[in-house]
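My structure is below; once you've seen it, I'll send some questions.
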Amino acid sequence: MIYSEKVMEHFGNPHNVGVIPNADGVGEVGNPICGDVMKITIKVDDDRIEDIKFQTLGCGAAIATSSIVTDMAKGMTLADAAAITKNQVAEELGGLPPAKMHCSVLATDGLKVAVDDYLVKHGREPIAGPIKSSDPNFDPHGDEDDEHEH
Ligand code: FES
């Protein structure tokens, strides 16, 4: 399995690792197939992600995608951050081996859950909707129509 240089860079030296104390939003997700888990914490200011940190107990691809997702989301509006797709993450990393594409879902889902957690805590409507990796019947190897690209 060949990983891009950027994946190896983020795996070896992941950015934004940790937990934000008194975070405004928390997202915890797990991949029911491999058992990998991740937690994202965010600080929000004026509907923008001011700070973001992650903790991932998982494979190298899950760690690299978590790292790049936190880089991408920092400074974004909540809506833009919640709309980041696994394909955008893979692209930003210079590609992921097909067998590892499902790992990027963990990071994007963790971010979506954190955004919705913030919104719901503030009496607002969630924008990311139901999270597939929180669903026990979720198949992380399955394709998602809205994100499917060839
Ligand atoms: Fe579980 Fe990569 S093998 S997220």
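Start at 1 and go down the list; that is how both ligands and their atoms are numbered. On a predicted model such as this, the values are computed, not experimentally measured, just so you know.
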What closest approach, in Å, do Lys6 and Glu92 show between heavy atoms, and which atom pair accounts for it?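 The pair with the smallest heavy-atom distance is NZ-O, 3.3 Å.
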Out of all atoms in ligand 1, which are within 4.0 Å of some heavy atom of Ala62? Include the element for each.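 Counting atoms of ligand 1 from 1, those under 4.0 Å from Ala62 are 4 (S).
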Inspect the surroundings of CD1 in Ile127 and state if more than 12 heavy atoms from other residues, nucleotides or ligands are less than 6.0 Å away.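 Check passes, neighbour count above 12.
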Distance from Asn13 atom CG to Ser67 atom OG, nearest 0.5 Å?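 Output value for this atom pair is 7.5 Å.
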Quick check on contacts: which atoms of ligand 1 are under 4.0 angstrom from a heavy atom of Cys103?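 Answer, ordered by atom number: 2 (Fe), 3 (S), 4 (S).
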Could you find the nearest protein heavy atom to atom 1 (Fe) of ligand 1 and give me its residue, atom name and distance?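 Going by distance alone, atom 1 (Fe) of ligand 1 is nearest to Cys34 SG, 2.1 Å.
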Quick check: does Cys59 have an N/O/S atom under 2.8 Å of atom 2 (Fe) of ligand 1?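 Checking Cys59: at least one N, O or S atom is under 2.8 Å.
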Would you say His102 reaches atom 2 (Fe) of ligand 1 with an N/O/S atom under 2.8 Å?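 No, since none of the N, O or S atoms of His102 sits under 2.8 Å from atom 2 (Fe) of ligand 1.
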Which residue owns the protein heavy atom closest to atom 4 (S) of ligand 1, what's the atom, and how far is it?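 Of every protein heavy atom, Asp36 OD2, 3.1 Å lies nearest to atom 4 (S) of ligand 1.
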Is Lys112 reaching over with its side chain to a backbone N or O of Ala82, donor-acceptor style, under 3.5 angstrom?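 Yes; at least one donor-acceptor contact below 3.5 Å.
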Sub-3.5 Å donor-acceptor pair from the side chain of Thr70 to the main-chain atoms of Ile52, do we have one?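 Absent.
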